[in-house]
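A short worksheet on the structure shown next.
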2 protein chains.
Amino acid sequence: MTDAALHIHPTGHDHAACVDEALETAETLCVERGARLTPLRRRVLELVWSSHRPVGAYDILGKLDDGARKPAPPTVYRALDFLIEHGLVHRIESMNAYLGCNHPEQSHTGQFLICRECGNVTEMDDEDVRQTLRRRAAEKGFEVRSQTVELVGLCANCKAG
Amino acid sequence: MTDAALHIHPTGHDHAACVDEALETAETLCVERGARLTPLRRRVLELVWSSHRPVGAYDILGKLDDGARKPAPPTVYRALDFLIEHGLVHRIESMNAYLGCNHPEQSHTGQFLICRECGNVTEMDDEDVRQTLRRRAAEKGFEVRSQTVELVGLCANCKAG
DNA sequence: GTATGGCCTGATACACTGTATCATACTACA
DNA sequence: TGTAGTATGATACAGTGTATCAGGCCATAC
């Protein structure tokens, strides 16, 4: 059982279920692809999923310190690279931080809604947005290969509260 | 006369004109607002405009070294903060770099088209995109306050060439 | 004309984020 | 087993950004 299982997430959901599902999905997906979700990578993924807030690489590094051996930065960055490559984790550019992805089946670059009150980030994978961006850029002669969309504002919970 | 005036920009335009116009616009705008475009800030703006590629803070720092005194990082970051606050410069999050804005009249966050071949970045200030993002987020209960949109791909020139 | 307060810059030190490189260990497969 | 490929450990360093204090400049008030 992980730390996350010990408490309920601020938004009221059972976050342990999020983590479990994410890890299970990752296992399945890596088996399918012949990719190796090693204990280290699994642990890093679990730490990224410790909340719905993006996590810094050095936060992960700190939490990997189990008293015995303290890993070095490349250890974390390599694990993150693997996870990102397989769509299991996204990098939030405007925060230099990392966020678990809950639908990694097809690789993608999502659109992120960053709440400036609670810090939670939700992924909005909107095809309309994607197409609009692609079309508008194309009208300027630009061929889009990858999209970074990060919106800061207020989430539904924080607006209500 | 600046360095930029000594050569023609890759895309074939007279880049010195870009720089001159940007600096002139900045002067006017700061006078209107009662903001102080000091020699240092003006110089930093000029260096940001040295090309249509985003420029790193430490590149600017290096070019500020006139042999006599070498400025320290905070000097550059403070100047950049001022310029960003007044919409004269944008920060490209995915590159940790800074780009001159050619229509700073009304403050805004633009959409950026980053060419992975030539490195040039053009700003696409598309209201349709802005509205689509705002609407789609609102449908998820999210109220957008600021947008970061950075698209990587191929510009018209590099596709043709 | 000087005094005062606010803004701008200088300067030192440090924090945070990420990478290059080489060595070691593990795994899968022949 | 042996071997090639992959994963991790470990050291060092590069790149990016900030906290903090001190000094300088300028406008306005008196």
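Each chain gets a letter, A, B and so on, in the order its sequence line appears, and its residues count up from 1.
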Legend entry - Side-chain donor/acceptor contact of A/R78 with base of D/dG9 under 3.5 Å: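 Per atom types, the contact qualifies.
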
Please give, in whole Å, the distance from [N] [atom2] to [X] [atom1]?
X     : N      : atom1 : atom2 : value
B/N96 : C/dT17 : CG    : P     : 11 Å
A/L80 : C/dT19 : CG    : P     : 11 Å
B/L37 : C/dT9  : CG    : C1'   : 15 Å
B/I92 : D/dT16 : CD1   : P     : 14 Å
B/R36 : D/dT28 : CZ    : C1'   : 13 Å
A/D81 : C/dA20 : CG    : P     : 11 Å
A/L40 : D/dA10 : CG    : C1'   : 14 Å
B/L61 : D/dA14 : CG    : C1'   : 15 Å

Legend entry - N or O in side chain of A/T75 less than 4.0 angstrom from D/dG9 OP1/OP2: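 For D/dG9, OP1/OP2 do have a side-chain N/O of A/T75 under 4.0 Å.
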
Inset, instruction - May I ask you to say what B/Y98 touches in the nucleic acid, namely base, sugar-phosphate or nothing, with a heavy-atom cut-off under 4.0 Å? - result: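 Result for B/Y98 = sugar-phosphate.
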
Legend entry - Helix axis bend for the helix from C/dG1-D/dC30 to C/dA30-D/dT1 - C1'-based end axes, five pairs, 10° rounding: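 Angle reported: 20°, given to the nearest ten degrees.
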
Legend entry - Among D/dA7, D/dG17, C/dT9, the one nearest B/R41 by side-chain distance: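 Ranking D/dA7, D/dG17, C/dT9 by closest atom to the B/R41 side chain puts C/dT9 first.
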
Legend entry - Nearest-nucleotide pick for A/Y58, side chain only, options being D/dA10, D/dT8, C/dG18: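 When the side chain of A/Y58 is considered, C/dG18 is the closest of D/dA10, D/dT8, C/dG18.
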
Inset, instruction - Could you say whether the aromatic ring of A/Y77 and the base of C/dT19 stack, counting only centre distances under 5.5 Å and plane angles under 30°? - result: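 Whether judged by distance or by angle, A/Y77 falls short somewhere, so it does not stack on the base of C/dT19.
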
Inset, instruction - Starting from the 5' end of DNA chain D, give me the residue, A/T38 or B/R91, whose nearest nucleotide shows up first. - result: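 Per heavy-atom nearest nucleotide, the more 5' residue is A/T38.
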
Legend entry - B/R33 (side chain) donor-acceptor with B/H86 (main chain) under 3.5 angstrom: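 The answer is yes, because a donor-acceptor pair under 3.5 Å joins these two groups.
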
Legend entry - Sidechain N-carboxylate O distance under 4.0 Å for A/R53, A/D59: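 No salt bridge links A/R53 with A/D59.
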
Legend entry - Test item: side-chain donor near acceptor, B/E150 and B/S94, under 3.5 Å: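 Note: B/E150 and B/S94 side chains meet the donor-acceptor criterion.
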
Reported [atom1]-to-[atom2] distance for the pair [X] and [Y], which is rounded to 0.5 angstrom:
X      : Y      : atom1 : atom2 : result
A/L45  : A/E27  : CG    : CD    : 9.0 Å
A/Q131 : A/L133 : CD    : CG    : 9.5 Å
A/H90  : A/T109 : NE2   : OG1   : 8.0 Å
A/L113 : A/C155 : CG    : SG    : 9.5 Å

Inset, instruction - For B/K70 and for B/A35, locate the closest nucleotide of DNA chain C by heavy-atom distance; then report the residue assigned to the nucleotide nearer the 5' terminus. - result: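 That would be B/A35.
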
